[in-house]
Asker: 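Quick one: the structure is below, questions incoming.
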Amino acid sequence: MIQKPKGTQDIYGKKAKTIKYLEKLIESVAEKYNFSYSRTPVFERSEVFHRGVGDTTDIVTKETYDFIDRGNRQMTLRPEGTAALVRCFLENKLYSENINKFWYFEPMFRYERPQSGRFREHYQFGFEVFGSNDPMLDAEIISIPVTIYKLLGLKGIKVNVNTLGDAESRKNYRIALINYFKPYINDLCDDCKQRLEKNPLRILDCKVDCEKEIMKNIPKMSDYLNDESKVFFESVKKYLDAYEINYEVKDTLVRGLDYYTHTVFEVEADIKGFGAQNVLCGGGRYNSLIKTLDGPDTPALGFGMGVERLMNALEAEEIVVGDKKTLDCFIITISDNEKTYAAKLLYDLRINGFSVDADYLSKNLKGQFKEADKYNSKFIIILGEEEVKTGMLTVKDMILKEENKIYKEEIIDFLDMNVGD
RNA sequence: GCGGAAUUGGUGAAGUGGUUAACACGCUAGAUUGUGGCUCUAGUAUGCAUGGGUUCGAUUCCCAUAUUUCGCCCCA
């Protein structure tokens, strides 16, 4: 038996229905926020992510699906949505417009060891805004996942926010961190020893070293923010209050992708018994990314949310979404003699907008009734010798449990009147 | 990349080094030859992830591989 590749999933049945429902919900939220739908290729030239996400990040150093195509080009399966969308933004010169608001819902690929809430292929949706430095948008971006959780009735969530400041603040803080940790380099874990030169900010959210004595007096980002960055973050917080968002400022929150500046945020699942992978959503402002990828200096921000983790959270809170499967009508035939008549009827009803099905397994009457039940059919049409001959159909209302005789010519009007929403 | 635990019909699962692999759901047929949902009866794994090995004999013990799951790291 051939098994699926590690960390991938077959999506069908209940799971498929939930994903479809979520996608529609997200689309409707996107419309309300005036974001437009976008799609980019599943694979890109590797440098999109290597330069975009950052060469020192774990995502790029050990988690990308890289391959060389037949034309000897180095390609990478998309590990996250932002860098790819920035490439699209630049290539199509969308910066000629004032502002661009995009959303996406696509599979992402990371070569990792799977566990609860983590896959090698998973779905992620995200919202990105290019072209504005207004702190009101930072709050708006954070409000989108919060709105989605609210619409779904998901309560166990926690919003953490921080600022990394602008390039100058970040540079000063970086120097301060290196100076602080250098004397203690032997006390740090092996990963952090590497991080010290390449990306010292990442030491802050290291889970190995976080309990150590040296972590207690580390310089604070807030002391290295220049006035402009401070004012910006204060505005963001003011707007967050206006959006009535409950958040916590967490000054060790730095995020694992290199492109962030100013505002960064995460939404955690705060549900008892939830797995170790509890970050449902993460994002922030990335004002320097577009320039890094050879574009004009354009401010931007956004977030991404893991669909499987969102579904885990819904399940943990026993929230069921999506409608029950129903059928307007099921056609039962007494014998094979009525099958051509049934075929015509199926075609007629379907083309007139009804959801209709019939038996294709030559089941007996009882079996056909059971099947109609399984699909929650509102009506059943029973076709026998008599009905075919006279054109007088036997129609059973499964909700009122009553049977009617309807002329074939009137069946569409009849169903129209009785199959409401 | 590192560590732990798993893998038995369509599904949830019990079980054992030795003739017929429990139970439940589902499915099929019948009781009920044009009316389902309830009930009753019968049927439903020549096989226990795959490939090796140990053994007179392996689904059971050992090894490898694949997948799942729970952590670490990291992230959505």
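Throughout, a chain's letter reflects where its sequence line sits, starting with A, and its residues are numbered from 1.
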Asker: Would you say the side-chain atoms of A:N337 and A:E385 include a donor-acceptor pair closer than 3.5 Å?
Answerer: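 The answer is no; no qualifying pair exists.
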Asker: When the P atoms of B:rG17 and B:rC61 are considered, how many whole Å apart are they?
Answerer: 9 Å
Asker: Going by distance alone, is a donor N or O of one side chain under 3.5 Å from an acceptor N or O of the other, for A:N278 and A:R309?
Answerer: no
Asker: List every contact pair, protein side and nucleotides 40-42 of chain B side both N or O, where the distance is under 3.5 Å.
Answerer:
none

Asker: Base, sugar-phosphate or nothing for A:M108? Non-hydrogen atoms, less than 4.0 Å.
Answerer: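 It contacts nothing in the nucleic acid.
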Asker: If you look only at distance, which donor and acceptor atoms sit under 3.5 Å apart when one is on a side chain in residues 396-403 of chain A and the other is two or more places apart or in another chain?
Answerer:
unit_1, atom_1, unit_2, atom_2, d
A:D397, OD1, A:I399, N, 2.8
A:D397, OD1, A:L400, N, 2.9

Asker: Which is true for A:E80 with a 4.0 Å heavy-atom rule: it touches a base, it touches only sugar-phosphate, or it touches nothing?
Answerer: nothing
Asker: Could you tell me if A:Y286 and A:E128 have a donor-acceptor pair between their side chains, going purely by distance under 3.5 Å?
Answerer: yes
Asker: Would B:rG26 be called syn or anti here, given the cut-off of 90° from 0?
Answerer: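 Because its glycosidic torsion lies more than 90° from 0, B:rG26 adopts the anti conformation.
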Asker: Reckon A:S362 touches a base, only the sugar-phosphate, or nothing at all at heavy-atom distances under 4.0 Å?
Answerer: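 No contact.
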Asker: With rounding to whole Å, what would you report as the distance between B:rU60 and B:rU7 at their C1' atoms?
Answerer: 14 Å
Asker: Whether the A:Q277 and A:S116 side chains hold a donor-acceptor pair (N or O, under 3.5 Å, no angle test) is what I'd like checked.
Answerer: no
Asker: A:G7 near the nucleic acid: base, sugar-phosphate alone, or nothing, with a heavy-atom cut-off under 4.0 Å?
Answerer: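 A:G7: backbone/sugar contact only, no base atoms under 4.0 Å.
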